Amino acid sequence: MKKITSILLVAIALAIPTIACAQSVERPFGTAGTRQEIIFPKVNGLNVYKTDLHLHTIYSDGDVTPDARVIEAWRDGLDAIAITDHMEYRRIEREMFHYMKDYIREDLRSGGKAVNTNVLKTDPNAHGLLVDFNVSCNSAIKKGKDMGVLVIRGVEITRSSLGDYNALFTTDNNKIYDPDLEQTIRNARAQGAFIIHNHPSYDKNTPNHITPFTNDLYAKGLIDGVEIGNYIRMWKYLFTHCIAGGYTPFSNTDAHDYVDWIYRTSPAESNIVRYRNMTLILAKECTEKALHHALKEGNTIAYHNNNLIAREKLLKGLFEASVTFETQRTGSQHYITVKNLSSVPYLIQIGNNKYLVNALGGLSFKRPKSEKEAKVTVLNMWYGNNDHPSVMVKW
C-alpha cells in the first residue's frame, strides 16, 4: 500500500444555537443527575447508538476511575463505551506498586522479579508482566450494568515507533501481550477482537502519514477500522483512505482526564452545540453481539464537531431520515420549510445558496416556482477527502 500524503485539513465552523434536550432524572445509585439525550431517527430500520470506543482510566495513564467513565457516558447521552487502557504503560499503578512494595508477596519479588508497569522503557522479559489487565474493564462493566451503559472490553496496544491500536471485544486482556507488536495484535484477533488504527497522524517520527510498519499491517489484513477523529483533531486526508479502502470509520475522545475538560464550551461559544467525539453505530440492538456485527459490516458514522464521516449510503440514509422538506406555493415563488428531527445540524447547499438547518429545528427559504426539484448537498457530511453526499428533493 502506498503511503498516504498529507492534505491540509479544512474545518467547517458551524454556529449552532443551544438546544434544551436534557432532562433531570435520578441516577441508579441515588444522587440526582442530568442526562443529555442525543436524538437520531432510525436509519433503514436500524437504531443509531452513540458510543465512545477509546477511553483511559487510572489503570493506565488516565486520571479518572473506570466508574467515572461510565457516569460521564451516561450523563453525555451515550449508549456504549469501551475501556481501552494501555497494556504497556500504567502510570498510576506504578505509584501504587511503589507504595505497596513491602506488601507484595516475597515469591513475586524473589530473584529480581518485580511488577513492570512501563514496558515501553524496560524490556518486559526482564521483569515480567504481573498486572491484571482486565481490572479496569471489569469494574466499568459492573458499573455499566447499574447505569444502563454497555461497556465493551478493550485494550490499547502501543509501541513508541510503530503506532497505536485498539483491540475491541477482547475476552481476556491477560493473554494478549507479546514483545512483538504484530504478534500482540494477532493474539487479540485470535480472541475475535476488532482492531482499530488509532490517531494515525500520531504515528511516531512520521508526521501526517502512516508508517511502513502500519502499512504492512493493512496489507496483511490486520486492521479493521481507522480512527479519523480523536480528541479535538480530525484528519480529513484520511477520509478516502478509510471509506474507499473499506475500513470502518471511528471518532473517539481518547480521554485521559475528564471528558468535559476537553469539550467544555467557553462563554464566547455558549450558543454552540458541540458534543464529545462519538462513533455512531447503526444496529438492531445495543448488545455486544449486535454492535460487533455492525462494526464488521462498516455500519458506523464518525461524529466530530458536527462533521459526519461514513459511507455515502449511510450518510444519505441518516440525512433522509432526519430532514423533511415541505412546500407552500405563493405567486411566482414558493416557500420551502425544512425540519430537522435529529440532534445534529446540517449545512446544506442548493445551487449557490447555503442554509444551516439547526439541530432539532428548521428554517424556511424561497425558491423559484418553476423549480420542481433540486439537488441538496450536505456540506458537513463526508465520504471522501473532498466528497459530500447529495440527494434529489422534489418540491
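Heavy atoms only: backbone and side chains are in, while hydrogens, waters and symmetry mates are out. Note that the coordinates shown come from a computational prediction; the quantities given were computed from them, not determined experimentally.
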side-chain hydrogen bond (donor to acceptor under 3.5 Å, both in side chains) between Asn230 and Asp254, worked out: CA-CA 6 Å; Asn230 175 283; Asp254 190 9; 3.3 Å; yes
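- In this structure, Asp216 pairs ionically with Lys220, as a charged nitrogen and a carboxylate oxygen lie closer than 4.0 Å.
- In terms of heavy-atom proximity, His292 sits nearest to Gly192 at CE1-O, 3.0 Å.
- Side-chain atoms of Ile38 and Asp76, non-hydrogen and from C-beta on, never get closer than 4.5 Å to each other.
- Closest approach of Gly384 to Thr240, counting heavy atoms only: CA-OG1, 3.4 Å.
- For the pairing with Tyr165, the side-chain hydrogen bond (donor to acceptor under 3.5 Å, both in side chains) check across Thr214, Thr84, Thr184, Asn198 returns one residue only, Thr214.
- Asn340 and Pro345 get closest at one heavy-atom pair: ND2-CA, 3.9 Å.
- Here the CD atom belonging to Glu285 is positioned 11.5 Å from the CG atom belonging to Leu46, to the nearest 0.5 angstrom.
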Start with the C-alpha gap between Lys296 and Asp224, add the side-chain angles, then the distance that decides, and say whether side chain to side chain contact (heavy atoms under 4.5 Å, CB included) holds. CA-CA 8 Å; Lys296 290 181 177 179; Asp224 303 306; over 6 Å; no
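- Side-chain atoms of Leu217 and Glu182, non-hydrogen and from C-beta on, do get closer than 4.5 Å to each other.
- A donor-acceptor pair shorter than 3.5 Å cannot be found between the side chains of Asn277 and Asp52.
- Under the 3.5 Å distance criterion, with hydrogens and angles disregarded, no donor-acceptor pair is assigned to the side chains of Asn173 and Arg153.
- Residues satisfying the ring-ring contact (aromatic ring centres under 6.0 Å, His included) criterion with Tyr355, sequence neighbours excluded, are Phe365.
- No side-chain donor from either of Asn44 and Lys313 sits under 3.5 Å from a side-chain acceptor of the other.
- Cluster membership for Met278 and Val378, using ILVMFWY side-chain heavy atoms within less than 4.5 angstrom, is shared.
- Side-chain contact check for Leu356 versus Asn358: some heavy-atom pair is nearer than 4.5 Å.
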Could you walk me through whether Asn174 and Tyr177 satisfy the side-chain hydrogen bond (donor to acceptor under 3.5 Å, both in side chains) test, starting with their C-alpha distance in whole Å, then the side-chain angles of each, then the deciding distance to 0.1 Å, before giving a yes or no? CA-CA 7 Å; Asn174 290 323; Tyr177 182 81; over 6 Å; no
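- Here Leu318 contributes atom CG and Ile301 contributes atom CD1; the two are 4.5 Å apart, rounded to the nearest 0.5 Å.
- Shown here are the side-chain hydrogen bond (donor to acceptor under 3.5 Å, both in side chains) partners of Arg69, two or more places apart in sequence or in another chain: Glu72.
- Between the side chains of Gln191 and Asp172, no donor N or O sits under 3.5 Å from an acceptor N or O.
- When the side chains of ILVMFWY residues are joined at heavy-atom separations under 4.5 Å, either directly or via intervening members, Phe250 and Leu308 end up in two distinct hydrophobic clusters.
- Both Phe133 and Val155 are assigned to one and the same hydrophobic cluster, defined by single-linkage of ILVMFWY side chains at heavy-atom distances under 4.5 Å.
- Aromatic ring centres of Tyr263 and Tyr275: separated by at least 6.0 Å.
- Across all their heavy atoms, Pro41 and Ser342 have their closest contact at CD-CB, 4.1 Å.
- Checking Asp67 against Ser139 by side-chain atom types alone, a donor-acceptor pair falls below 3.5 Å.
- With Glu320 as reference, Val391 is the one residue of Val391, Leu315, Val393 to meet the side chain to side chain contact (heavy atoms under 4.5 Å, CB included) rule.
- Contact annotation: the side chain of Glu156 never approaches that of Glu88 to less than 4.5 Å [non-hydrogen atoms, C-beta and beyond].
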Evaluate Thr279 against Asn252 for side-chain hydrogen bond (donor to acceptor under 3.5 Å, both in side chains), listing each step before the verdict. CA-CA 6 Å; Thr279 299; Asn252 303 305; 3.1 Å; yes
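- If you take CG on Asp260 and CZ on Arg276, they are separated by 9.5 Å, rounding to the nearest 0.5 Å.
- Checked by atom type and distance alone, the side chain of Glu227 pairs as donor or acceptor with a backbone atom of His199 at under 3.5 Å.
- Taking 4.5 Å as the limit, some side-chain heavy atom of Asn386 sits within range of a side-chain heavy atom of Lys236.
- Contact between Ala167 and Ala188 at its shortest, heavy atoms only, is CB-CB, 3.8 Å.
- Considering every non-hydrogen atom in both Asp79 and Val48, the closest pair reads OD2-O, 4.2 Å.
- Using a 4.5 Å heavy-atom threshold, the side chains of Asn187 and Asp178 count as touching.
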Evaluate ring pair (Phe, Tyr, Trp, His ring centres under 6.0 Å) for Tyr218 paired with His241, printing each intermediate quantity in order. CA-CA 11 Å; Tyr218 278 106; His241 159 71; 5.0 Å; yes
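- A heavy-atom distance below 4.5 Å is found between the side chains of Lys50 and Phe40.
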Criterion side chain to side chain contact (heavy atoms under 4.5 Å, CB included) on Val226 and Thr248, from CA distance to verdict: CA-CA 6 Å; Val226 183; Thr248 302; over 6 Å; no
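- Counting heavy atoms from C-beta on, the side chains of Asn166 and Leu53 never come closer than 4.5 Å.
- From Ile210, atom CD1 reaches atom CD1 of Ile223 across 9.0 Å, with rounding to the nearest 0.5 Å.
- Connection of Val344 to Leu280 is established within a shared hydrophobic cluster, with ILVMFWY side chains joined at heavy-atom distances below 4.5 Å, either directly or through further cluster members.
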Check against side chain to side chain contact (heavy atoms under 4.5 Å, CB included), Leu78 and Thr51: CA-CA 6 Å; Leu78 300 189; Thr51 75; over 6 Å; no
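- Between the side chains of Asp387 and Trp382, no donor N or O sits under 3.5 Å from an acceptor N or O.
- Inspection of the His256 and Asp63 side chains reveals no N or O donor paired with an N or O acceptor under 3.5 Å.
- Side-chain contact annotation: Asn47 with Tyr49, donor-acceptor N/O pair under 3.5 Å present.
- In this structure, OG1 in Thr57 is found 6.0 Å from CD1 in Ile83, a value given to the nearest 0.5 Å.
- One side chain, Ser136 or Asp85, offers a donor N or O that lies under 3.5 Å from an acceptor on the other.
- In this structure, a donor-acceptor pair under 3.5 Å is absent between the side chains of Thr327 and His334.
- Below 30°, between 30° and 60°, or above 60°: for Phe319 and Tyr346 the angle between ring planes is above 60°, a perpendicular geometry.
- In the hydrophobic clustering of this structure, Ile157 groups with Tyr247; members are Ile, Leu, Val, Met, Phe, Trp, Tyr whose side-chain heavy atoms approach within less than 4.5 Å, directly or through other members.
- Annotation: the span from Phe239 atom CZ to Ile228 atom CD1 amounts to 5.0 Å, rounded to 0.5 Å.
- Residues Asp180 and Arg159 are not paired through a salt bridge, judged by the lack of any N-O separation under 4.0 Å between the basic side chain and the carboxylate.
- Applying the side chain to side chain donor-acceptor pair (under 3.5 Å) rule to pairs touching residues 361-378 yields Asn353-Arg367, Arg367-Glu371, Glu371-Trp395, Thr377-Ser390, sequence neighbours excluded.
- His54 has its ring centre less than 6.0 Å from the ring centre of His56.
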